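Reviewing the structure listed below.
As the structure is a computational prediction, the values presented were derived from the model and not from experiment.
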Amino acid sequence: MSEQIGLRGRTWFQALTENNQTASGDPGTVLASEARIGDEMALFLAVVPNPSSRFPCVREGQVGLEEAFALASHLRRIIAEDREKAKDQKRPIIAIVDVKSQAYGRREETAGIFFAAAASADAYASARTAGHPVIALVAGHAFSGGFLTHGYQANRILAFDDSGIMIHAMHKEAAARITRRSVAELEQLGHEIVPMSYDVRDYAKLGLLHKLLHVNDPLHPTVADIQAIRLDLIDAIRDARHGATDLSNRLQAEAARQTRKAGIAVRAALEAQWQSA
Amino acid sequence: MSQTSMIPEFVSRNSFIELDGRRRAQSLFDKGTWKELVGPFDQMSSPWLPMQGIAPQADDGCIVIKGKIGGMPAVAIALEGAFQGGSIGEVSGAKMTAALDFATRDSEAGKRTAAILLLETGGVRLQEANLGLAAVAEVISSVLALRPHAPVITLIAGTVGCFGGMSLAAGVSSYIVMTREARLGLNGPEVIEQESGIDEFDASDRALIWAIHGGEQRVGMGLADALVEDDAEKIRTVIQGYVQADLKPEYRSQQVDLYRDRIAALDTSEQIDPKSLRQKWGNKTTGESR
């Protein structure tokens with residue numbers, strides 16, 4: 001891994017919002033800004049590394065206590081401000097995702113990082129169910145609790161079709177240790193077993209992704225790249241507005257019908273038995 | 001003097017922790033009212049484990065039981081800590097999400113159906129990695145969809161604890177009930193020690209673990225609602241109380257400003273002492289003890 005995690009997140013936040021400043025009251029790890037997308041305003045959110053964070057375990061781009069509550073706070077504000085607006089007037093929310101993981105720290109556990117993460121997931125899900133199009137743009141890494149806290153409640157997930165994208169439950173080294181395998185074995189298994197793969201094209205086979213986006217160099221986007229991604233985001237916003245506000249689309253995609261066959265069958269069996277119980 | 005009065009209370013009580021996930025879930029319901037859905041005889045197991053030489057289980061470690069608690073419709077969903085550490089895979093995750101969604105559908109149709117999540121889990125099943133992580137996101141979403149219509153109660157009883165992504169599902173529940181033996185956190189001590197080093201967290205320090213993640217601490221600092229004894233009857237009574245409770249106007253995970261301010265006020269220059277934090281945060285804002 002040569003590239004520092006969070007650089008792509010910051011790059012795309014800046015490209016799409018023309019802003020690179022932390023909002024007042026926010027920690028240096030959270031970027032939040034409203035910016036125009038198409039003919040409306042949207043809220044853009046990102047979590048970035050901050051080597052001088054007062055929480056040592058988030059300095060490399062992890063999502064911790066301050067990050068989770070700062071995200072939740074911005075989301076709650078938008079939900080409240082748009083409460084009375086018609087569904088097609090509610091501002092879209094774009095979560096730019098490039099996070100190393102959740103914070104692995106004692107301070108975090110003591111103060112209840114599980115709950116901070118839950119509060120942020122709640123805020124994202126609440127925005128979605130209130131009718132805000134919530135779009136996750138995976139620009140780099142999207143790992144485990146970090147992704148659950150920031151982005152995974154989106155009703156449309158977009159990701160760059162690029163080898164620098166990692167969407168996974170655990171980074172390779174730790175997953176290898178815990179499952180008592182070598183990294184090489186793990187990579188081999190990933191080629192055979194789709195949900196274990198670290199490749200974004202395999203992730204796309206799970207039916208969880210709205211679209212793979214093509215950019216030559218995500219770390220150094222051209223003006224044309226930025227314009228193209230803007231159009232992809234506008235398209236995803238439009239699509240989200242026309243769809244359900246729950247996550248049912250994740251099971252309906254053609255890819256999901258193949259890869260998530262077992263889960264879909266369980267759901268059907270449970271529904272059949274639910275009625276008569 | 002009757003003989004029973006001479007037997008110490010701890011001898012006559014029925015341990016809940018000693019029950020397996022299925023019996024735990026059953027024990028919450030009114031007698032004769034429950035039925036298991038998609039049980040072991042339906043043979044719906046993980047398709048991903050055999051590909052890796054791991055024996056699957058016919059219920060995938062997730063038990064769904066529907067019935068009545070205190071006369072009210074309810075569904076209990078138990079993760080069995082003894083199978084793959086209670087981990088969430090595609091099938092167990094789908095069972096959970098579907099049960100929550102059908103409880104929501106019934107509740108919206110006027111038949112309020114509470115859900116009880118019995119979480120003994122280390123989180124995502126790494127052998128099903130991305131499908132497990134996706135399942136957790138969907139469970140969180142489904143808990144949140146049910147919560148405005150019926151109580152969602154997380155019960156953490158045993159020593160496996162509730163860790164990883166499922167701790168977020170606990171965090172968005174209407175109520176969290178824990179025993180003193182139970183633990184709740186995002187990252188288990190072993191994971192922190194491995195990722196951040198032994199100076200950050202010494203996973204062999206049992207006292208430290210319980211001081212941070214234990215039921216008494218979580219209830220004491222207001223991040224869980226009730227501390228119960230390891231007694232099946234007492235646990236049933238507490239759960240029944242929450243099943244019958246009125247819906248709350250606001251849930252803990254919506255109180256963002258309160259907790260944001262509390263985090264802002266923390267001194268992070270050194271490790272945080274759990275006991276002082278408990279005194280500072282107390283249990284006065286959200287938790288109601290029963």
Determine whether a donor-acceptor pair (N or O, by modelled atom type, separation under 3.5 Å) exists between the side chain of [X] and the backbone of [Y].
| X | Y | result |
| --- | --- | --- |
| B:Lys66 | A:Ala277 | yes |
| B:Thr268 | A:Phe55 | no |
| A:Glu109 | B:Leu186 | yes |
| B:Glu200 | A:Arg106 | yes |
| A:Arg54 | B:Leu266 | yes |
| B:Asp42 | A:Ala269 | no |
| B:Lys95 | A:Val266 | no |
| A:Gln273 | B:Leu37 | no |
| B:Asn130 | A:Ile167 | yes |

Worksheet entry | Test item: B:Leu223 and A:Phe114 side chains (from C-beta on) under 4.5 Å apart, heavy atoms | yes
Using a cut-off of under 4.5 Å on heavy-atom pairs, state which of [options] scores highest against chain A.
| options | result |
| --- | --- |
| B:Ala94, B:Ala129, B:Gly67 | B:Ala129 |
| B:Ser141, B:Gly185, B:Ser45 | B:Ser141 |
| B:Asp60, B:Asp106, B:Val143, B:Thr33 | B:Asp106 |
| B:Glu193, B:Gln52, B:Lys35 | B:Gln52 |
| B:Ala145, B:Ala98, B:Ala135, B:Pro274 | B:Ala98 |
| B:Val124, B:Asp257, B:Val91 | B:Val91 |

Once rounded to the nearest 0.5 Å, what's the spacing between atom [atom1] of [X] and atom [atom2] of [Y]?
| X | Y | atom1 | atom2 | answer |
| --- | --- | --- | --- | --- |
| B:Tyr259 | A:Leu65 | OH | CG | 12.5 Å |
| A:Leu148 | B:Met166 | CG | CE | 10.5 Å |
| A:Gln62 | B:Ser196 | CD | OG | 7.5 Å |
| A:Ser144 | B:Leu126 | OG | CG | 9.5 Å |
| B:Gln217 | A:Thr110 | CD | OG1 | 8.0 Å |
| B:Thr97 | A:Asp246 | OG1 | CG | 11.5 Å |

What's the shortest heavy-atom distance between [X] and [Y], and which atoms?
| X | Y | value |
| --- | --- | --- |
| A:Gly105 | B:Ile192 | O-CD1, 3.9 Å |
| B:Ala137 | A:Arg250 | CB-NH1, 4.0 Å |
| B:Glu195 | A:Ala174 | OE2-CB, 3.3 Å |
| B:Ala134 | A:Leu208 | CB-CD1, 3.6 Å |

Worksheet item: Is chain B contacted by the side chain of A:Ala262, its backbone, both, or neither, given a heavy-atom distance below 4.5 Å?
Response: both
Worksheet entry | Interchain contact, A:Ala116 with chain B, by part (heavy-atom threshold 4.5 Å) | neither
Check whether [X] gets within reach of chain A through its side chain, its backbone, both or neither, counting any heavy atom under 4.5 Å.
| X | answer |
| --- | --- |
| B:Ala99 | both |
| B:Ile263 | both |
| B:Gln254 | both |
| B:Ser46 | neither |
| B:Ala103 | both |
| B:Arg105 | side chain |

Report the option among [options] that has the most heavy-atom pairs separated by less than 4.5 Å from atoms of chain B.
| options | answer |
| --- | --- |
| A:Thr259, A:Leu186, A:Asp202 | A:Thr259 |
| A:Gly145, A:Ala111, A:Ala72, A:Ala125 | A:Ala111 |
| A:Tyr124, A:Trp274, A:Tyr104 | A:Trp274 |
| A:Ala175, A:Ala121, A:Ala70 | A:Ala70 |
| A:Gln102, A:Glu66, A:Met170 | A:Gln102 |

Does the pair [X]/[Y] count as a salt bridge with the N-to-O cut at 4.0 Å?
| X | Y | result |
| --- | --- | --- |
| A:Arg177 | B:Glu190 | no |
| A:Arg260 | B:Glu138 | yes |
| A:Asp26 | B:Arg260 | yes |
| A:Arg267 | B:Asp101 | yes |

Discussion item. Between B:Leu144 and A:Thr129, does the side-chain contact (heavy atoms from CB on, under 4.5 Å) criterion hold? Intermediate values first, please.
Written reply: CA-CA 10 Å; B:Leu144 287 165; A:Thr129 49; over 6 Å; no
Fill in: Whether over 12 other heavy atoms sit under 6.0 Å from A:Arg77 CZ
yes
